[in-house]
Engineer: 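Below are the structure tokens for one structure; questions will follow.
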Amino acid sequence: MDNSKRNVVVTGFEPFGAHTINASWVAVQELKKLGLGKDVDLHVYEVPVEYQAVQSLVPSLWKQYHPQLVVHVGVSGMATTVTLEKCGRNHGYKGLDNSRFCPHSQCCIEGGPDCIDSVIDMESVCKRVTASGLGVAVSVSKDAGRYLCDFTYYTSLYLSHGRSAFVHVPPIAKPYSGEDLGRALQAIIQEMLNMLDRAEEKTHCQHVH
């Protein structure tokens with residue numbers, strides 16, 4: 001196994017609707033300043049709030065970087081905590097995107113499963129990050145909302161066989177600053193990487209389904 005730097009890709013979204021400043025991209029830029037440690041190459045991207053752009057961008061990120069993990073970050077106007085999404089859903093995409101487009105099929109991947117779970121145990125990540133005394137509340141959700149967030153997550157989960165994660169953040173200053181959100185992302189993603197490492201060690205010893 002190559003022990004050189006691991007690639008991790010983290011994306012946020014451009015502004016849309018009422019979110020003239022998208023907290024997800026602010027948080028990702030703060031994370032970029034902090035980094036994920038010396039053995040991780042962090043690549044960040046701002047994703048257009050457009051279904052067709054997501055369908056071309058997400059596969060290109062996997063192809064270009066062969067990342068150990070891809071984490072997508074989105075804003076939720078209803079969120080008051082940093083929320084870890086457990087799964088992405090294939091159907092129910094009716095909302096128009098920034099270019100006034102919506103998939104005719106209202107689904108991400110025709111013929112794909114209804115729901116794909118992340119291989120990462122979000123409950124466990126949530127517990128560990130909360131116990132670390134970060135000062136930012138973290139919670140877990142099973143519904144990423146059937147808009148570009150969910151669409152991006154499902155697409156990434158499908159391509160990566162579950163090696164993706166999605167984190168919803170609240171709008172800036174409701175209640176956390178961009179710096180707070182960046183610190184939270186750093187702690188969450190480091191914990192996810194630790195978890196993947198432990199799972200890989202286990203797989204070397206025994207074949208785990």
Engineer: Check Met192 against Val71 and note the closest heavy-atom contact, atom names and distance.
Structural biologist: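 Taking every non-hydrogen atom into account, SD-CG2, 4.3 Å.
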Engineer: CG/Leu84 to NZ/Lys86 distance, rounded to the nearest 0.5 angstrom?
Structural biologist: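 These two atoms lie 10.5 Å from each other.
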Engineer: What distance do Leu148 atom CG and Asn98 atom CG have between them, rounded to the nearest 0.5 Å?
Structural biologist: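 Those atoms lie 7.5 Å apart.
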Engineer: Under 3.5 Å, is there a donor-acceptor pair linking the side chains of His168 and Ser141?
Structural biologist: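 No, because no side-chain N or O of His168 sits under 3.5 Å from a partner of the opposite role on Ser141.
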Engineer: For Gly112 and Asn90, which heavy atoms make the closest approach, and how far apart are they?
Structural biologist: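 Answer, listing the atom of Gly112 first, then Asn90: O-ND2, 3.2 Å.
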Engineer: Would you call the rings of Phe16 and Tyr147 parallel, tilted or perpendicular, taking 30° and 60° as the class edges?
Structural biologist: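 Answer is tilted, since the angle falls between 30° and 60°.
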Engineer: Please report the interatomic distance OG(Ser156) to CD1(Ile116), rounded to the nearest 0.5 Å.
Structural biologist: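 Atom-to-atom, Ser156:OG and Ile116:CD1 are 10.0 Å apart.
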Engineer: After noting the C-alpha distance and the side-chain angles of Arg163 and Trp62, does the key distance pass the side-chain contact (heavy atoms from CB on, under 4.5 Å) rule?
Structural biologist: CA-CA 11 Å; Arg163 287 181 82 87; Trp62 282 99; 4.3 Å; yes
Engineer: Could you label the plane-to-plane angle of the Phe13 and Phe166 rings as parallel, tilted or perpendicular, counting under 30° as parallel and over 60° as perpendicular?
Structural biologist: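 Geometry flag for Phe166 against Phe13: tilted rings.
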Engineer: Taking Ala137's backbone N and O only, do any of them form a donor-acceptor pair with Tyr176's side chain (distance below 3.5 Å, no angle check)?
Structural biologist: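 Checking the backbone N and O of Ala137 against the side chain of Tyr176, a donor-acceptor pair under 3.5 Å is found.
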Engineer: Return the minimal non-hydrogen interatomic distance between Val140 and Cys126, and the atom names on each side.
Structural biologist: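 It is CG2-CB, 3.6 Å.
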Engineer: Measuring only between side-chain heavy atoms, which start at C-beta, is Leu42 closer than 4.5 Å to Lys32?
Structural biologist: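 They are in side-chain contact.
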Engineer: Rounded to the nearest 0.5 Å, what separation is found between the CG atom of Asn7 and the CD atom of Gln68?
Structural biologist: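 Atom-to-atom, Asn7:CG and Gln68:CD are 9.5 Å apart.
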Engineer: Tell me, do Val58 and Thr11 make a side-chain contact under 4.5 Å, heavy atoms counted?
Structural biologist: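 Val58 vs Thr11: side chains apart.
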Engineer: Could you give me the CA-CA distance, side-chain angles and deciding distance for Leu34 and Arg183, then say whether side-chain contact (heavy atoms from CB on, under 4.5 Å) is met?
Structural biologist: CA-CA 8 Å; Leu34 296 168; Arg183 279 190 307 109; 4.1 Å; yes
Engineer: How long is the straight-line distance from CD1 of Ile189 back to CG of Leu31, given to the nearest 0.5 Å?
Structural biologist: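 That separation rounds to 5.0 Å.
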Engineer: May I have the step-by-step check of side-chain contact (heavy atoms from CB on, under 4.5 Å) for Leu181 and Val26, ending in yes or no?
Structural biologist: CA-CA 8 Å; Leu181 296 176; Val26 175; over 6 Å; no
Engineer: Could you tell me whether the side chain of Lys142 and the main chain of Cys87 form a donor-acceptor pair under 3.5 Å?
Structural biologist: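 Between the backbone of Cys87 and the side chain of Lys142 there is no qualifying donor-acceptor contact (under 3.5 Å).
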Engineer: With side chain to side chain contact (heavy atoms under 4.5 Å, CB included) as the test, pick out the partner of Arg6 among Asp197, Leu69, Leu196.
Structural biologist: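 Single pass found, and it is Asp197.
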Engineer: Is there a side-chain contact between Tyr93 and Cys102, using heavy atoms and a 4.5 Å cut-off?
Structural biologist: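 When only atoms from C-beta onward are counted, Cys102 and Tyr93 do not touch, as no gap falls below 4.5 Å.
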Engineer: Please list, chain by chain and in numerical order, all residues satisfying ring-ring contact (aromatic ring centres under 6.0 Å, His included) with Phe101, sequence neighbours excluded.
Structural biologist: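 Here no residue qualifies.
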Engineer: Do the charged groups of Arg146 and Glu85 touch, with an N to O distance under 4.0 Å?
Structural biologist: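 Salt bridge: no.
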Engineer: Between His91 and Asp114, do the side chains contain an N or O donor and an N or O acceptor separated by less than 3.5 Å?
Structural biologist: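 Side chains of His91 and Asp114: pair found under 3.5 Å.
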Engineer: Between Asp121 and Arg198 (salt bridge meaning N to carboxylate O under 4.0 Å), is one present in this structure?
Structural biologist: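 No, Asp121 and Arg198 are not salt-bridged.
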Engineer: A side-chain contact here means heavy atoms from C-beta on lying under 4.5 Å apart; do Cys149 and His72 qualify?
Structural biologist: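 Cys149 vs His72: side chains apart.
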Engineer: Identify the heavy atoms of Val125 and Met195 that sit nearest to each other, and give their distance.
Structural biologist: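 Answer, listing the atom of Val125 first, then Met195: CG2-CE, 3.6 Å.
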Engineer: Apply salt bridge (Lys or Arg N to Asp or Glu O under 4.0 Å) to Asp150 and Arg89, showing your working.
Structural biologist: CA-CA 7 Å; Asp150 212 347; Arg89 294 178 196 275; 5.3 Å; no
Engineer: Using modelled atom types and a 3.5 Å cut-off, is there a donor and acceptor pairing between side-chain atoms of Asn22 and backbone atoms of Glu14?
Structural biologist: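 Yes, the answer is positive, given that a donor and an acceptor are paired below the 3.5 Å cut-off.
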Engineer: Find out whether Tyr154 and Pro113 are in side-chain contact, i.e. whether some heavy atom of one side chain is under 4.5 Å from a heavy atom of the other.
Structural biologist: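 The answer is yes; the side chains approach within 4.5 Å.
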